[in-house]
Amino acid sequence: QVHLVESGGRLVQAGESLTLTCIYAGHTYDTYAMAWFRQAPGKEREFVGAINWSGLGTYYGDFVKGRFNISRDTAKSALYLQMNNLEPEDTAAYYCAARSGRLISTSISEYDDWGQGTQVTVSS
């Protein structure tokens, strides 16, 4: 049932870069908008960024401030989150999600499928 698998999370130091990958099963998600969310301990899950079905449109949460970039490669059935200049406040479990609509949404409730998450820890 789970069709999204994240990887790439690890412990890094502040200022470093990290790329997360989400591999999805099959090609159903090729026409889906996809997104990254994150959840820190004791906090609600929050929107990080999303990409539309074509890969030509992206949108990010305000806290990103140009540090992150989302991309997708349908040939590899993959979604990526490139994170630069990481801060301790970026420490969280990161989740990829897919929605059957082609357009971007920032709302958790509009995403149909979720991965299990990958942990990113940023030390100061």
Side-chain angles (χ1 to χ4, degrees):
Q1 183 67 26
V2 175
H3 302 297
L4 305 173
V5 180
E6 305 95 334
S7 64
R10 62 181 177 88
L11 173 65
V12 297
Q13 294 191 337
E16 291 186 346
S17 297
L18 190 64
T19 298
L20 305 182
T21 300
C22 175
I23 300 297
Y24 51 90
H27 293 278
T28 302
Y29 296 119
D30 287 350
T31 60
Y32 284 30
M34 300 189 74
W36 290 96
F37 288 80
R38 71 183 188 181
Q39 188 166 17
K43 295 187 177 181
E44 294 184 351
R45 191 166 296 190
E46 69 174 338
F47 174 77
V48 175
I51 189 166
N52 69 358
W53 71 278
S54 69
L56 298 179
T58 56
Y59 185 79
Y60 299 92
D62 290 340
F63 69 88
V64 170
K65 298 178 182 178
R67 300 181 298 132
F68 297 177
N69 182 67
I70 292 176
S71 60
R72 65 191 302 170
D73 185 340
T74 55
K76 297 181 179 180
S77 298
L79 174 73
Y80 305 101
L81 177 65
Q82 169 71 39
M83 303 185 290
N84 301 311
N85 193 22
L86 283 162
E87 304 169 350
E89 293 74 20
D90 295 315
T91 295
Y94 284 71
Y95 300 87
C96 70
R99 65 184 300 260
S100 56
R102 295 190 171 193
L103 302 180
I104 289 170
S105 173
T106 63
S107 174
I108 293 172
S109 63
E110 294 199 8
Y111 286 85
D112 306 297
D113 295 308
W114 294 81
Q116 297 299 304
T118 186
Q119 179 66 36
V120 173
T121 303
V122 184
S123 65
S124 58

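Just so it is clear, the structure is predicted and the values come from calculations on it, not from any experiment.
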Worksheet entry | Side-chain touch Leu20/Met83, heavy atoms, less than 4.5 angstrom | yes

Worksheet item: Under 4.5 Å between any side-chain heavy atoms of Gln119 and Thr91, yes or no?
Response: yes

Closest non-hydrogen atom pair, [X] against [Y]:
| X | Y | result |
| --- | --- | --- |
| Ser100 | Asp112 | N-OD2, 2.7 Å |
| Gln13 | Val122 | C-CG1, 4.0 Å |
| Thr118 | Gly8 | OG1-N, 4.0 Å |
| Val64 | Val48 | CG2-O, 3.5 Å |
| Pro88 | Ser124 | CG-CB, 3.8 Å |
| Leu79 | Ser71 | CD1-O, 3.4 Å |

Fill in: Which residues share a side-chain contact (heavy atoms from CB on, under 4.5 Å) with Ser7, sequence neighbours left out
Thr21

Practice prompt. Taking side-chain contact (heavy atoms from CB on, under 4.5 Å) as the test, write out the residues that go with Glu44, two or more places apart.
Written response: none

Worksheet item: In Å, rounded to the nearest 0.5 Å, how long is the span from CD1 of Ile104 to OG1 of Thr58?
Response: 6.0 Å

Worksheet item: So how far is it from Asn85 CG to Glu16 CD, rounded to the nearest 0.5 Å?
Response: 11.0 Å

[X]: salt bridge (charged side-chain N to carboxylate O under 4.0 Å, His left out) partners, not counting sequence neighbours:
| X | result |
| --- | --- |
| Glu110 | Arg99 |
| Arg67 | Asp90 |
| Glu46 | Arg38 |

Practice prompt. Could you tell me whether a side-chain N or O of Arg72 sits under 3.5 Å from a main-chain N or O of Asn52, the two making a donor and an acceptor?
Written response: yes

Fill in: Polar side-chain atom of Glu6 near backbone of Gly117 as donor-acceptor pair, under 3.5 Å
yes

Restricting to side-chain hydrogen bond (donor to acceptor under 3.5 Å, both in side chains), what partner residues turn up for [X], sequence neighbours left out?
| X | answer |
| --- | --- |
| Tyr95 | none |
| Thr19 | Gln82 |
| Arg45 | Gln39 |

Practice prompt. State yes or no: do Leu81 and Val12 share one hydrophobic cluster built from I, L, V, M, F, W and Y residues joined by side-chain heavy-atom distances below 4.5 Å, directly or via other members?
Written response: yes

Discussion item. Under 4.5 Å between side-chain heavy atoms, counting indirect links through other Ile/Leu/Val/Met/Phe/Trp/Tyr residues: same cluster for Phe63 and Tyr94 or not?
Written reply: yes

Discussion item. Once ring-ring contact (aromatic ring centres under 6.0 Å, His included) is applied, what residue pairs with a partner in residues 30-62 remain, sequence neighbours excluded?
Written reply: Tyr29-Tyr32, Phe37-Phe47, Phe37-Tyr111, Phe37-Trp114

Item to complete: Hey, could you give me each pair passing disulfide bond (SG atoms under 2.5 Å apart) that has a residue in residues 30-66? Not counting sequence neighbours.
Response: none

Worksheet item: Which residue pairs pass the disulfide bond (SG atoms under 2.5 Å apart) test with at least one member in residues 65-124, sequence neighbours excluded?
Response: Cys22-Cys96

Discussion item. Can you tell me which residue among Asp30, Thr74, Asp113 is in a side-chain hydrogen bond (donor to acceptor under 3.5 Å, both in side chains) with Tyr24?
Written reply: Asp30

Worksheet item: Which salt bridge (Lys or Arg N to Asp or Glu O under 4.0 Å) pairs, counting each pair once, include a residue from residues 54-64, with sequence neighbours left out?
Response: none

Discussion item. Quick one, Arg102 with Thr31, criterion side-chain contact (heavy atoms from CB on, under 4.5 Å). Give me CA distance, side-chain angles, the key distance, then yes/no.
Written reply: CA-CA 6 Å; Arg102 295 190 171 193; Thr31 60; 4.0 Å; yes

Worksheet item: With distance as the sole criterion, is a donor-acceptor pair present between the side chains of Ser109 and Ser107 under 3.5 Å?
Response: yes

